Amino acid sequence: MKKIFLITAAIVLMAGCMKPIDIDIQQIEPKVVVNADVMADSAVAVRLTLSRFFLADGDFRQIDNATVSLAVNNNSPLSPSAQIGGNYSFSYVPTAGDTLTLRVSAPGHGEVKAQTVVPMPASVSGFKVTKMSDDDYEQKLQVRFTLNDDGSRDDYYFIRLWQVRYGIDTIRIDPENYVVDTLHFEDHLFFDCSDYDIVDQTNALALIEDDDRPYGELLFDDATINGQSHEVILNTAVYSYSYPDSDIRLEVITLSRDRYLYEKSVEAGDDDFEIFSEPVQIHCNVDGGIGLFSARTVKYYKWSLQ
Amino acid sequence: MTKQQKKALSLENGDMRYARKGLRRVCLLAAAVMGLFVPLRAQTVSGTVSDSASGETLIGATVLETATGKGTVTNAHGRYTLTPGVKMARLRVSYIGYSPVDTLVDLSHNLMLNVKLKASVNLKEVTVTAQRSRGVELSQMSSVELPVEQLKLVPVMFGEADILKAIQLLPGVQSGGEGTSGIYVRGGGPDENLFLLDGVPLYNVNHLGGFFSAFNSNAVKNVTLYKGSFPARFSGRISSVLDITTNNGHDQEWHGSASIGAIATNISVEGPIVKEKTTLSASFRRTWLDLFTKPFVWALTFSLPGKYDMGYYFYDLNAKITHRFSERSRLYASLYTGDDVVYAGVEEPSQWDQTNARVDFGYHWGNLALAMRWNYILSPQLFMNITGSFTRYRNNLNLSEEMSFQYMGVMAEDKIEAQYNSDIRDLSLRCDLDYAPAPEHAIKFGGVFIHHIFSPEVMGGKMTVNDVDTSYVEEQKFGGNNVLAQEMSLYVEDDWSVSDALKVNAGLVLGGFMVEGKFRPSLQPRLSGRLMLANDLSLKAGYAYMTQYMHLLSSSNISLPTDLWVPVTSRLDPMTSHQVAAGLVYSRWGVDFSVEGYYKWMNNLMEYRPGSSFFGVSTGWEDKVCLGKGRAYGVEFLAHKTMGKFTGWVGYTLSRTLRQFDELNEGREYPAKYDRIHDVSVTLQYRPSEKFDCGVTWVFATGNTATLALQEYEGVDNGDYRETYGYFSERNNFRLPSYHRTDVSMNFHKKKKHGVRTWNISVYNLYNRQNPYIILKWDANYTAPDGNTYRKALMQMSLFPIIPSVAYIYKF
């Protein structure tokens, strides 16, 4: 099939002509890019870079001379406790419910501002994993839990499953060094979910994509389950022949609204048929700049495979 | 007077001979109820105007009583009715390209007068008469009637005269750009145009990505475009109506033509099956692009293993049979069918244990339209036309991959098939009546009922596996639920001559649409008027409210035949538009000059949501679209000359087209893709003799808009990497380079023993302008205007360079 398209494209290209289009680059001012994904109970880190002309190559220029401040719940702004290049760290550890306001002044650019609210943790009950079948090849598992949604606020959920293996010597590659990791190794588990109250049906491309388990994560808001206790059922499988000493880990993450919109926009833009798709602007919430200042609160639930 | 005219006069009708009392009473009652009843005060002359040689009825011919200045024009069936209010009437019947006929008639009682006009052999005969120009005279505004003979002189590509391409040269009408389909009228989308072929709507009127239209010019008799101030008899679309009437066929002898162009063959025949009773007109056209591409495919693939095949062609067939039962009764049966077909296939030889593999791809789309029409003259003042029709537009995409191989000595076969289908079918019945109760009134009224069957997206897949250890068939289907809908409308309009200076066309449409158990009514007022400021100068103004009950789901990136026609549903409201327009028409030296300003508001326009496309259709189109608003405004200038050796027009449009969707562009208003601020077209034809004619066209338009991320930025930390994203300040933030080109053509005619042969030489895009088709980010060294050099460039791809072509046409 690919060959047919390539030949068709070649014929079209032969028939047509190509030439560069001049762009008035002077009109395109680089913008301050703010990226910070705050986690409840973890210190706040902010990364500042500059956007670049879309034809340019190379790394993004980090902003290492900006004035950055963080105000918590409209109190006096805090200054970063450390800075390396464009990475600014604060010693403050936010908790769920905090409203964080970030201000950045970079030389040559106007002030940019962003705000986020650290979401309240999800209320989960009835977490249970059941072995549905067990053979030499794989174990089929059913993960069940109940989300007790708070009807007084808008919630945005992000759910993932992992298989965490212990006692395995392996090598993790980080950008600079090879590091021997003897603690654990995490496998991202795919799963089936036919709960159409929470599943985004437009993402079901099982027919086109050769993938038996199309969901690597669930992202949804509480529009259909607001204020309800809603049981979620995920069906997954792990290989039987290896790693008997491992856990199934469920992550139930609540996201700030901007993070949710960001994830939705990334999902919408991730289209294999891009030429036919409507353009997607990745969600930003930085006034006067680009980027995302968002927050999340994570809750973990574990079940031992043994 | 000719024999035919005398014969027609001898058919002078007695008052009651043609009356059908019951129906007439109903019609008069309807007119009275609607407050439009005007008592009969004078006798009426009525009949048809036709070509003296072929018997072809002439649409838009003028019938004028010269003493009183009262006049009318023939309708779509060549029929006229005039009550001039005098006992002895001096009638002048005229039509562009024909010698006018003057006659004195006695109107002491009703008279049927069929007039046959003789085509002007000597061009000098076609002179500008003292009568008012039609453009100045008519109450209708925002409409253009283009003589087909003039359209055929517009420079053509590959020898194929094209009506839609000529229409795109008019002010207020834009093409989607090179290689894209659709026309855009006064800021409307490509789905907002009603294309009527003999009164039957067609849904996709493009071949070859919009390069050729579905209308074979050899089959066409008359073309009228309405851009605003729509008469009430038209409804169902919010931006334009293109009303096309096909030939009835010669009623005396057989004629025809055959042409061979660079890419297509065209054959037309017309003639009497029974002389002066039953005629046939048929045209067939087919391209042979698929033959052309074969050498290219071979050249590209001969070094590769396997066999490759691919091609494209389109064809269309128009056929029409007309039967005249009597002077007052005619029956028409017409057929249009046309398809575009793309196919490709690869057969690969053995590789390792694989013994055979084949991939096939097929895609075709097209229209079918069948219609039966019956004209009946109920009385000299009352004319009826009943039309029953079936029309269908479909597109089908098929893909299959077949593999057979040997494994451990056993033959295994796998096959994967996928289909994507979409179609819309309409069954319709309409009744139109023309009623001329008094010299000052020309009333049209009637009703339409359409049963729509939508199958907007049906996607299926089938996997057949016959392996060594397993064998199964898996089949999946998405969509496939037909949506049934009924559309209906009742209309009435009156072209009322309030005084010599003031003429008003007022109308009302009562429409409705039933879908999913919900009825959506609409009341659509229409009003246009003309005020004569001088004998050759008129002021016109109009207002139209339009409702459209169906949408075309079209990607903003690319227009394809896969664009889906969908109805309004219980969740999605109908599109509506309000349009006001005002302008001046001035006629001098045989040229109609017009300037018109318009402002249009549109509601419930439909777009795909960000990231959506017509692929991935598992949950239906309603989830993938959003509704929004639009507005368009502009000024159009047109100078149009239809008579003499030099003909043509010069048009200029200054306009803006904007959209606002809550779910797009953060709710902010943005320019539409086809927001072209300036649009200029110059079309000139010169016909010094019967042996030679030539034409030249120049078009210029501001470039389309596109959404282009001109900046990139680093995304959030995903654990071990940071994605790079594009950033655009707003939707359609980038404007493509402007579009312009010149086409020229020359025709050399020579009389032969059995007919006339013509050599057509044409050059498309004479100065080889590289107009943008699509833009791509490409690996190429690029030095920007600021002197910086980049390893990537924004490239535009053009489709059509200079293309000379020759065509041979023989008419007999």
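Here is how names work: the chains are called A, B, and so on, in the same order as the sequence lines, proteins then strands, and each is numbered from 1. Everything quoted here is computed from the prediction, not taken from an experiment. Hydrogens, waters and symmetry mates are skipped; everything else that's a heavy atom, side chains included, is used.
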> Would you check if the side chain of B/Q711 reaches a backbone N or O of A/E29 as a donor-acceptor pair within less than 3.5 Å?
yes
> How long is the gap from NZ on A/K19 to CD on B/Q770, to the nearest 0.5 Å?
5.0 Å
> Ignoring hydrogens, what is the shortest heavy-atom contact between A/N35 and B/G715? Give both atom names and the distance.
ND2-O, 3.3 Å
> For B/L664, is it the side chain, the backbone, both, or neither that has a heavy atom closer than 4.5 Å to a heavy atom of chain A?
neither
> Just so I understand: if I count every heavy-atom pair under 4.5 Å between each of A/L292, A/L55, A/V280, A/L50 and chain B, which residue has the most?
A/L55
> Which bit of A/R61 is near chain B, if near means a heavy-atom gap under 4.5 Å: side chain, backbone, both or neither?
neither
> Would you say that A/I21 contacts B/P737 through its side chain, given a criterion of any heavy-atom pair below 4.5 Å between the two side chains?
yes
> Check step by step if side chain to side chain contact (heavy atoms under 4.5 Å, CB included) holds for A/F54 and B/L794.
CA-CA 9 Å; A/F54 78 115; B/L794 183 66; 4.1 Å; yes
> For A/I290, is it the side chain, the backbone, both, or neither that has a heavy atom closer than 4.5 Å to a heavy atom of chain B?
side chain
> Under the side chain to side chain contact (heavy atoms under 4.5 Å, CB included) rule, what do B/E714 and A/F60 come out as? Steps first, then yes or no, please.
CA-CA 7 Å; B/E714 190 181 69; A/F60 290 96; 3.8 Å; yes
> Around atom CD of B/E666, are there more than 12 heavy atoms from other residues, nucleotides or ligands closer than 6.0 Å?
no
> Less than 4.5 Å apart, any side-chain heavy atom of B/D717 and any of A/D37?
no
> Can you check whether A/P279 reaches B/R731 side chain to side chain, under 4.5 Å on heavy atoms?
yes
> What's the spacing between B/Y713 OH and A/C284 SG if we round to 0.5 Å?
3.5 Å
> For chain B, find which of A/K31, A/R47, A/Q281 contributes the most heavy-atom pairs closer than 4.5 angstrom.
A/Q281
> Within a strict 4.5 Å, meaning less than it, do heavy atoms of the A/V266 and B/E723 side chains meet?
no
> Should we say atom CZ of B/R358 is surrounded by more than 12 heavy atoms from elsewhere, each under 6.0 Å from it?
yes
> Verify the neighbour count for atom CG of A/D57: are there more than 12 heavy atoms of other residues, nucleotides or ligands below 6.0 Å?
yes
> At a heavy-atom separation under 4.5 Å, does B/Y725 approach chain A through its side chain, its backbone, both, or neither?
side chain
